[in-house]
*Asks:* 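To start, I am sharing the structure in question, which I have written as structure tokens.
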There are 2 protein chains.
Amino acid sequence: MTDGHELAIALRAAYLALHRRSEAAFAALGVTADQFVLLAALDRGDALTQRELARRMSSDPSTVRAMLVLLEQRGLVGRDAHPTDARARTVALTAEGKSVLRQLWAAGESIRAQMLGGLRPEEASTLVAFLTRAARGLTPEAAPGPPISHSPEDQQ
Amino acid sequence: MTDGHELAIALRAAYLALHRRSEAAFAALGVTADQFVLLAALDRGDALTQRELARRMSSDPSTVRAMLVLLEQRGLVGRDAHPTDARARTVALTAEGKSVLRQLWAAGESIRAQMLGGLRPEEASTLVAFLTRAARGLTPEAAPGPPISHSPEDQQ
DNA sequence: TATTGTTATACTCTATAACTATA
DNA sequence: TATAGTTATAGAGTATAACAATA
């Protein structure tokens, strides 16, 4: 029997371990773990608006803005006017931002490897799928939906 | 194919969703999500030292101390001299702390239910087991060990 | 010598509310 | 009216380093 609290604590322990290891690995480059997540999200979808960036980071627009201010001071990101919406601003990595991001990927490589080290490839896929389903139940906009979906992703 | 970053992002999204929902649910009682974790840990092992409490919370002793100061001001926990070790102090819930904790369990019940809602019972157990294995690879003291351990703890 | 806890300090993330400008 | 972003503000968690007291 697994109750919700047990899952919550396991989730917390895993996330905090990852976060702490990442902070340590990125510290030499002067970047926090959360800033890395932001930079990586930017790299995968350049010229995002701040709102879209916040959504992809599971974060808050005003939080993202605070982070962007810090990253802009460090010269890693730049903000420009949006081409069609004069209210919005687009965010993109600078050349130095791209360079630092490459170093961050390298610095975090062993962490990701160690996290996956205790899992077979199919198990890692299953873990991602289950995490996604657990998260879906927690997001506000998520309609309750069918109570238990024995969906095809269960292949593992 | 699941790479480490994908897992990291899924883990982060699930944890942050849980954390945010918990903050909202506990706010009416004036307690944060992390403070709830501390109170729940105390309830399961009364009269812990601050160090042991920090370990069980996947947290840092000085962080725990800052949290304890806040909780002590609110009258939810008390600190007393350790019976045998004069350096240490034991931490325990006060009567009011126990009362508030009961309300917190009730306030968080639907969150835990929704998190488990998209998973069958065996899937929830598997999720906890996989999270634990992923976290084990990330803890500093963890010796690398056998690359893939199909250990007996994987039962249920 | 090592360990428990305290103190001082600093920084990041988080989030709300009121506001401006634009859609 | 609704949306994108800014500003001001506040608080919590995080962690390091130096320190005292005790083991």
Side-chain angles (χ1 to χ4, degrees), chain A residues 12 15-39 41 47-55 57-74 76-77 79-91 140, chain B residues 12 15-39 41 47-55 57-74 76-77 79-91 140:
Chain A
R12 183 185 139 99
Y15 172 73
L16 289 180
L18 170 64
H19 195 264
R20 209 161 277 145
R21 286 288 308 275
S22 302
E23 290 282 4
F26 300 151
L29 290 156
V31 172
T32 68
D34 290 298
Q35 287 169 354
F36 166 71
V37 172
L38 190 157
L39 294 173
L48 298 171
T49 65
Q50 296 187 26
R51 273 198 123 69
E52 178 59 17
L53 185 55
R55 199 190 59 73
M57 289 184 61
S58 312
S59 196
D60 183 274
S62 79
T63 300
V64 166
R65 188 204 171 249
M67 297 175 69
L68 286 174
V69 168
L70 292 174
L71 291 169
E72 203 167 21
Q73 284 170 358
R74 303 209 40 239
L76 304 185
V77 307
R79 287 185 286 173
D80 292 300
H82 191 280
T84 66
D85 186 339
R87 295 171 306 181
R89 302 178 72 172
T90 60
V91 188
Chain B
R12 182 186 139 98
Y15 172 74
L16 289 180
L18 170 64
H19 195 263
R20 209 160 278 144
R21 285 291 306 277
S22 302
E23 289 283 4
F26 299 152
L29 290 156
V31 171
T32 69
D34 290 299
Q35 288 169 355
F36 166 71
V37 172
L38 191 156
L39 295 173
L48 298 171
T49 65
Q50 295 186 28
R51 270 199 125 67
E52 177 60 17
L53 186 55
R55 199 191 59 75
M57 288 184 62
S58 313
S59 195
D60 183 274
S62 80
T63 300
V64 166
R65 188 205 171 249
M67 296 176 70
L68 286 174
V69 168
L70 292 174
L71 290 169
E72 203 167 21
Q73 284 170 358
R74 303 208 41 239
L76 304 186
V77 307
R79 287 185 285 174
D80 292 300
H82 190 280
T84 66
D85 186 338
R87 295 171 306 181
R89 302 176 71 173
T90 60
V91 188

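Every chain is numbered from 1, with letters handed out A, B, ... down the list of sequences.
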*Asks:* Do B/Glu72 and B/Val91 have side-chain heavy atoms sitting under 4.5 Å apart?
*Replies:* no

*Asks:* How are the rings of B/Phe26 and B/Phe36 set relative to one another: parallel (under 30°), tilted (30 to 60°) or perpendicular (over 60°)?
*Replies:* tilted

*Asks:* Output side-chain donor-acceptor pairs under 3.5 Å for residues 60-71 of chain A, partner residues at least two apart or in another chain, one line each.
*Replies:*
unit_1, atom_1, unit_2, atom_2, d
A/Asp60, OD1, A/Ser62, N, 2.9
A/Asp60, OD1, A/Ser62, OG, 3.0

*Asks:* Can you pull the contact range of chain B along DNA chain C, 5' to 3', using atoms under 4.0 angstrom from its heavy atoms?
*Replies:* C/dT3 to C/dA15

*Asks:* Looking at A/Arg55 and A/Glu52, does any basic side-chain N land under 4.0 Å from a carboxylate oxygen?
*Replies:* yes

*Asks:* Taking all atoms of both residues into account, what is the closest heavy-atom pair of A/Ser59 and B/Arg20, and its distance?
*Replies:* CA-NH2, 3.9 Å

*Asks:* Can you tell me how far the CD atom of B/Gln35 sits from the CG atom of B/Leu29, to the nearest 0.5 Å?
*Replies:* 11.5 Å

*Asks:* Just wondering, do B/Val31 and B/Arg74 contact through their side chains at under 4.5 Å, heavy atoms?
*Replies:* yes

*Asks:* Take nucleotides 10-23 of chain D nucleotide by nucleotide from the 5' end and write B, S or -, depending on whether a protein heavy atom sits under 4.0 Å from the base, only from the sugar-phosphate, or from neither.
*Replies:* --SSBBB----BBS

